[in-house]
Amino acid sequence: LAKTTQPISMDSYEGQEVNITCSHNNIATNDYITWYQQFPSQGPRFIIQGYKTKVTNEVASLFIPADRKSSTLSLPRVSLSDTAVYYCLVGDANNAGNMLTFGGGTRLMVKP
Amino acid sequence: EPEVTQTPSHQVTQMGQEVILRCVPISNHLYFYWYRQILGQKVEFLVSFYNNEISEKSEIFDDQFSVERPDGSNFTLKIRSTKLEDSAMYFCASKRQGASGELFFGEGSRLTVL
């Protein structure tokens, strides 16, 4: 299983762009990279997923370099409500029942 | 928007008692999961389930735990004889065919073992 490493915490201010980087040095060929957001006492919520290069949706962008050993979640213009824990996961796309393992996550604090 | 629902939202039980946590996954999803999160700690994988059998399980998922899909809609987690350290938030998740990492999580069931 590919292990992920993220910063434990980050601080930002409203309106700023936030970039959270995740390292996954032993990512396998079939692994996708997925990011989740979790608010206190709630289940994790899917944000974005990618395999390589750049993926963008209505809430975030995901940048993946060519070697895929890291990925960066980019949150544009954060607000106070983006204060949460963000998790990076890697998982085998061809093994749908696989053990998707959460790491420690990054606790983002957005300040006014 | 379809969602995963879990019951009960909170259960308090005595050590040694059996507990059943229930989940209704999203209707067209085929893969089901249980995770747990001890207060202040990370989300831990317990078990995945597909085609009426366990696909993978973690070392946490020992003989005290079992899962079942009794009626085609519910997905249950049973803890046979609860221990103090089983106190946690238990999250059910489901995933549709072809979506490799996009799990949909329920709001969780908080289990308190006294």
Side-chain angles (χ1 to χ4, degrees), chain A residues 1-6 8-9 22 24 27-52 55 57-60 62 64 68 71 73 84-107, chain B residues 1 3-6 9-10 21 23 25-26 29-61 67 69 75 88-110:
Chain A
L1 292 173
K3 182 181 176 180
T4 60
T5 303
Q6 304 174 234
I8 293 173
S9 64
C22 178
H24 27 80
I27 189 170
T29 302
N30 290 334
D31 284 345
Y32 272 70
I33 300 155
T34 312
W35 284 79
Y36 285 83
Q37 174 192 56
Q38 187 182 28
F39 298 113
S41 299
Q42 294 187 24
R45 185 174 70 98
F46 172 88
I47 301 173
I48 197 167
Q49 182 181 76
Y51 184 79
K52 62 180 179 181
V55 180
N57 63 20
E58 62 274 12
V59 297
L62 179 60
I64 305 168
R68 303 200 328 120
S71 59
L73 174 72
V85 179
Y86 292 83
Y87 295 95
C88 160
L89 281 71
V90 292
D92 184 351
N94 294 324
N95 184 0
N98 69 328
M99 183 186 301
L100 289 169
T101 303
F102 285 75
T106 298
R107 190 173 300 275
Chain B
E1 182 178 321
E3 60 182 18
V4 175
T5 57
Q6 292 186 239
S9 57
H10 188 192
L21 304 178
C23 169
I26 295 173
H29 286 193
L30 300 179
Y31 305 95
F32 314 113
Y33 305 79
W34 283 101
Y35 285 81
R36 79 171 187 190
Q37 188 172 32
I38 295 170
L39 186 64
Q41 298 186 24
K42 67 180 183 180
V43 179
E44 299 176 292
F45 172 85
L46 293 178
V47 65
S48 59
F49 191 88
Y50 170 71
N51 199 25
N52 288 319
E53 62 182 21
I54 291 174
S55 303
E56 287 197 59
K57 60 183 180 180
S58 71
E59 60 187 21
I60 302 170
F61 194 87
V67 289
R69 188 159 163 79
F75 180 52
M89 196 76 158
Y90 288 81
F91 293 108
C92 173
S94 68
K95 183 172 70 175
R96 61 181 170 82
Q97 184 90 22
S100 61
E102 188 174 354
L103 301 181
F104 289 77
F105 283 83
E107 290 300 303
S109 293
R110 180 172 298 283

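Letters go in sequence order (proteins before strands), and every chain restarts at 1.
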More than 12 heavy atoms of other residues, nucleotides or ligands under 6.0 Å from CZ of R107(A): is that the case?
no
L103(B)/F46(A) under side chain to side chain contact (heavy atoms under 4.5 Å, CB included): CA gap, chis, key distance, verdict:
CA-CA 7 Å; L103(B) 301 181; F46(A) 172 88; over 6 Å; no
Atom CD of E102(B) and atom CD1 of I47(A): how far apart are they, to the nearest 0.5 Å?
11.5 Å
Counterpart residues, side chain to side chain donor-acceptor pair (under 3.5 Å), relative to R45(A) (two or more places apart)
Q37(A)
Residue pairs passing the salt bridge (Lys or Arg N to Asp or Glu O under 4.0 Å) test where at least one lies in residues 37-46 of chain B, sequence neighbours excluded:
R36(B)-E44(B)
Examine whether an atom of Q6(B) lies under 4.5 Å from a heavy atom of chain A, and if so say whether it belongs to the side chain, the backbone or both; otherwise answer neither.
neither
Hey, which of P40(A), G103(A), G105(A) has the most heavy atom pairs under 4.5 Å with chain B?
G103(A)
Within a strict 4.5 Å, meaning less than it, do heavy atoms of the Q38(A) and V43(B) side chains meet?
yes
Considering only heavy atoms from C-beta outward, does the side chain of E107(B) approach that of S41(A) to under 4.5 Å?
no
